[in-house]
**Student:** 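Encoded as structure tokens, here's the structure I'll be asking about.
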Amino acid sequence: SEQVGQHLVERTSGDTSAMLEVFRKVHIWNGSPNNKAIDLLCEEQALDSFADYLIMRDKKTAYAALASTSEADRAKIIAKLDYRLDMLLEISKYVRRRMYAGDIAATTGIKVYLVKKFMTVVKDYDTKKIMHCRKVLGLVDGAIRDGAKVGVWETLIALW
């Protein structure tokens, strides 16, 4: 409906790639989703987008994705980034063995589109860089637990 379409545009801040991802997920259903379904799909997209953009070192776009992430979902960001760092370590191990993306996906269980996406930056994430990123995540997590509300996520983006 027009009302749900308007809600989608507002929820994604007009980001056409985010809207396309929601359309792909909605296409599976027969019928029209309601606002709650759009909210759930957009939250998932924003969370994945922020973590992926930060891993890909696109800080400007990561900051834009952070703006569309609700305050309640920001607590999940640290766990998502930690999971992505584990994924990078796993992909890196098989890239050094000169395996193809499909073989890495079959061996590790990581989705092939994520393997292809992260294969280009996996060389930038050696053990030292991953340790640095985990320290930054710990710093941010500690600041959030201590009650910091201003500038925490911007610090994460800057120090990444």
Side-chain angles (χ1 to χ4, degrees), residues 1-91 94 100-122 124-125 133-134 136-137 140-141 143-145 147-160:
S1 70
E2 182 179 336
Q3 186 264 342
V4 173
Q6 182 65 32
H7 182 70
L8 176 63
V9 170
E10 289 171 4
R11 194 71 172 81
T12 58
S13 303
D15 182 6
T16 54
S17 63
M19 286 189 276
L20 181 61
E21 287 300 315
V22 172
F23 287 143
R24 287 183 179 147
K25 292 174 187 174
V26 168
H27 182 68
I28 296 170
W29 303 333
N30 290 333
S32 180
N34 58 17
N35 287 349
K36 178 136 177 102
I38 295 294
D39 285 340
L40 292 171
L41 292 173
C42 289
E43 286 172 8
E44 177 184 306
Q45 178 64 30
L47 208 70
D48 287 342
S49 295
F50 176 78
D52 292 349
Y53 288 134
L54 200 56
I55 293 288
M56 300 296 287
R57 300 166 79 174
D58 185 356
K59 293 181 179 185
K60 181 180 176 185
T61 312
Y63 185 74
L66 180 65
S68 65
T69 305
S70 70
E71 198 64 41
D73 286 333
R74 289 185 180 191
K76 299 175 188 174
I77 289 174
I78 294 173
K80 176 65 92 171
L81 283 168
D82 189 47
Y83 173 72
R84 290 290 199 238
L85 290 173
D86 288 339
M87 189 184 300
L88 285 171
L89 278 174
E90 195 70 18
I91 292 170
Y94 292 103
Y100 294 106
D103 296 334
I104 294 172
T107 304
T108 62
I110 300 170
K111 294 182 173 115
V112 72
Y113 75 92
L114 289 173
V115 173
K116 287 179 181 178
K117 179 190 282 190
F118 293 136
M119 279 180 78
T120 60
V121 295
V122 76
D124 298 332
Y125 287 91
C133 291
R134 289 192 194 278
V136 170
L137 288 176
V140 169
D141 188 39
I144 291 169
R145 290 176 191 267
K149 299 210 182 279
V150 179
V152 176
W153 300 107
E154 291 80 3
T155 302
L156 172 67
I157 294 170
L159 293 176
W160 193 263

**Student:** Measure the CD1-CG distance between Ile77 and Leu156 for me, rounded to the nearest 0.5 Å.
**Tutor:**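 CG of Leu156 is found 7.5 Å from CD1 of Ile77.
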**Student:** Atom CE in Met87, atom OG1 in Thr108: separation rounded to 0.5 Å?
**Tutor:** 8.5 Å
**Student:** Could you check whether any side-chain heavy atom of Tyr53 comes within less than 4.5 Å of a side-chain heavy atom of Lys60, counting everything from C-beta outward?
**Tutor:**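 Sidechains of Lys60 and Tyr53: no contact.
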**Student:** side-chain contact (heavy atoms from CB on, under 4.5 Å) between Leu159 and Val140: does it pass, once the steps are laid out?
**Tutor:** CA-CA 10 Å; Leu159 293 176; Val140 169; over 6 Å; no
**Student:** Evaluate the side-chain proximity of Leu66 to Ile157: yes if any heavy-atom separation is below 4.5 Å, no if none is.
**Tutor:**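 Ile157 reaches Leu66 side chain to side chain.
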**Student:** Once you round to the nearest 0.5 Å, how far does CG of Leu137 lie from CG of Leu81?
**Tutor:**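 Separation between the atoms: 5.5 Å.
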**Student:** Just how far is it from atom NZ of Lys111 to atom NZ of Lys116, taken to the nearest 0.5 Å?
**Tutor:**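 These two atoms lie 15.0 Å from each other.
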**Student:** Give a yes or no on whether a salt bridge exists between Asp86 and Arg134, defined as a side-chain N under 4.0 angstrom from a carboxylate O.
**Tutor:**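 Yes, charged N to carboxylate O under 4.0 Å.
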**Student:** If the plane angle is over 60° it's perpendicular, under 30° parallel, otherwise tilted; pick one for Trp153 and Phe50.
**Tutor:** perpendicular
**Student:** Let me see the working for Ile104 and Val112 under side-chain contact (heavy atoms from CB on, under 4.5 Å), right down to the final yes or no.
**Tutor:** CA-CA 8 Å; Ile104 294 172; Val112 72; over 6 Å; no
**Student:** How many angstroms lie between atom CD1 of Ile110 and atom CD of Glu90, to the nearest 0.5 angstrom?
**Tutor:**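 CD of Glu90 is found 6.0 Å from CD1 of Ile110.
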**Student:** With rounding to the nearest 0.5 Å, note down the distance linking OG1 in Thr61 to CG in Asp52.
**Tutor:**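 CG of Asp52 is found 12.0 Å from OG1 of Thr61.
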**Student:** Is a side-chain donor or acceptor of Tyr94 paired with a backbone partner of Asp103 at a separation under 3.5 angstrom?
**Tutor:**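 It does not hold such a pair.
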**Student:** Is the NZ atom of Lys59 crowded by more than 12 outside heavy atoms at less than 6.0 Å?
**Tutor:** yes
**Student:** For the residue pair Ala37 and Asn34, what are the closest heavy atoms and their distance?
**Tutor:**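 Closest pair (atom of Ala37, atom of Asn34, distance): N-OD1, 2.9 Å.
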**Student:** Taking all non-hydrogen atoms of both residues into account, name the closest pair between Val152 and Ala148 and its distance.
**Tutor:** CG2-CB, 3.6 Å
**Student:** Using the rule side chain to side chain contact (heavy atoms under 4.5 Å, CB included), only one of Leu89, Leu54, Leu114 pairs with Arg84; which is it?
**Tutor:**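 It is Leu114; the other options fail the test.
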